[in-house]
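A short worksheet on the structure shown next.
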Amino acid sequence: MKTTIYWGRANSFLGGRLCEALDVSPGRFTLESFPDDEIRVEIKEEIQENDVYLLQPTHPPVAGHLLELLLLADAARRAGAARITGVIPYFGYARQDRRDRGGEPVGARLMADLLSTRLDRLITVDLHNPAIEGFFGLPVVRLSAVPLLAEALKPVEPEKMVLVAPDLGAVKLAQGYADILDLPVAYLHKVRESGRKVTVRRIIGSVEGKTPIIVDDMISTGGTIVKAAEALIREGAREEITVAATHGLLVGDCLERFSDLPIRRVLVTDSINQEGRGYDPLSVVGLARILAEAIRGLRG
Ligand code: R5P
């Protein structure tokens, strides 16, 4: 079965890298917006019985990126593709995986339902909550960037370093890094008061005199990292902070807020395109290789 790869406008950089890693030419298609903001997609080649992969992380603008992916999938289905796999390295709305209050939706479930109407399979990376896999009525390949990020962290003085989970949700993730890097872990008790406001109640574990590596699945506004960094410094950690996260949304004034703190390195993947950020401490680890390996595994 011939492999064909298309991508939406969320991350054409990673789309190109993925084609290189798989040694396939990019699929021929058009994707544009009309003046009234409607999106137009056209697949410009014969894909009858092809194995089609659609790459699109659903980061902001989430609704537009999601719709582009659904339109691409619909076009591929109508053009006779044999199988359509969504490659969604960052899955938006994943944090809405449950209802905290009676009047709320379960946004992650709704996203999964919408995608399940057009996709046959899904490949994703470090889902915010692994249980979201169960929201999909189709096979999901869950990849993790933790081994790649841990390899890139390579601590030079491990005896002086500590991994930090900035909230209780990141404890398992931090343990994953600790297993690879053989470092101790400290945990922060974070309370989120609003989308932008978080506070740290206490730190569990020893950070005094240590160089912290804060690990999380995603950095959005940066509020979690800022509060964690401030709490660590108050507790006597060394003012040389590293941050590692799979998904660097880095929205709003996130990087300006980081610049006011002794954050020396921010390591993320290219699940979200990081070209043109202009922020020196930022390093990017590429996902194309592990995505290509997953696709090869699915092709058999
Ligand atoms: C929360 O559960 C997530 O793992 C991240 O800690 C959080 O979403 C990051 O968001 P922000 O950067 O806006 O604090």
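Order of appearance sets the numbers: ligands from 1, and atoms from 1 within every ligand.
Within ligand 1, the atoms closer than 4.0 Å to a non-hydrogen atom of Gly222 are 11 (P), 12 (O), 13 (O), numbered from 1 in the order shown. Taking a cut-off of under 4.0 Å to the non-hydrogen atoms of Asp167, the atoms of ligand 1 that pass are 1 (C), 2 (O), 6 (O). Remark: ligand 1 atoms within the under-4.0 Å shell around heavy atoms of His128 are 1 (C), 2 (O), 3 (C), 4 (O). Ligand 1 places these atoms under 4.0 Å from at least one heavy atom of Lys190: 1 (C), 6 (O). For ligand 1, the atoms closer than 4.0 angstrom to any heavy atom of Arg95 are 7 (C), 8 (O), 10 (O).
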Exercise for the section: Run the numbers on Thr199 and Lys227 for side chain to side chain contact (heavy atoms under 4.5 Å, CB included), then give the verdict. Expected result: CA-CA 6 Å; Thr199 53; Lys227 289 297 168 192; 5.5 Å; no
Exercise for the section: Give the intermediate values and the outcome of side chain to side chain contact (heavy atoms under 4.5 Å, CB included) for residues Glu235 and Ser206. Expected result: CA-CA 9 Å; Glu235 200 75 5; Ser206 165; over 6 Å; no
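The protein non-hydrogen atom at the shortest distance from atom 5 (C) of ligand 1 is Asp216 OD2, 3.3 Å. Taking atom 4 (O) of ligand 1 as the reference point, the nearest protein heavy-atom neighbour is Asp217 OD1, 2.6 Å.
Salt-bridge formation is not detected for the pair Arg40/Glu38: no Lys NZ or Arg NE/NH1/NH2 atom is positioned less than 4.0 Å from an Asp or Glu carboxylate oxygen. Remark: Lys172 does not engage Asp217 in a salt bridge, criterion side-chain N to carboxylate O under 4.0 Å. Salt bridge status for Asp97 with Arg95: absent, with no side-chain N to carboxylate O gap under 4.0 Å. Asp120 and Arg83 are not joined by a salt bridge, as no carboxylate oxygen comes within less than 4.0 angstrom of a charged side-chain nitrogen.
Geometrically, ligand 1 and Ile219 share no nitrogen or oxygen pair separated by less than 3.5 Å.
Around the CD atom of Glu104, the shell of radius 6.0 Å holds more than 12 heavy atoms that belong to other residues, nucleotides or ligands.
With a 4.0 Å heavy-atom cut-off, ligand 1 is reached by the backbone of Thr221 and by its side chain too. Heavy atoms from both the backbone and the side chain of Thr224 come within less than 4.0 Å of ligand 1.
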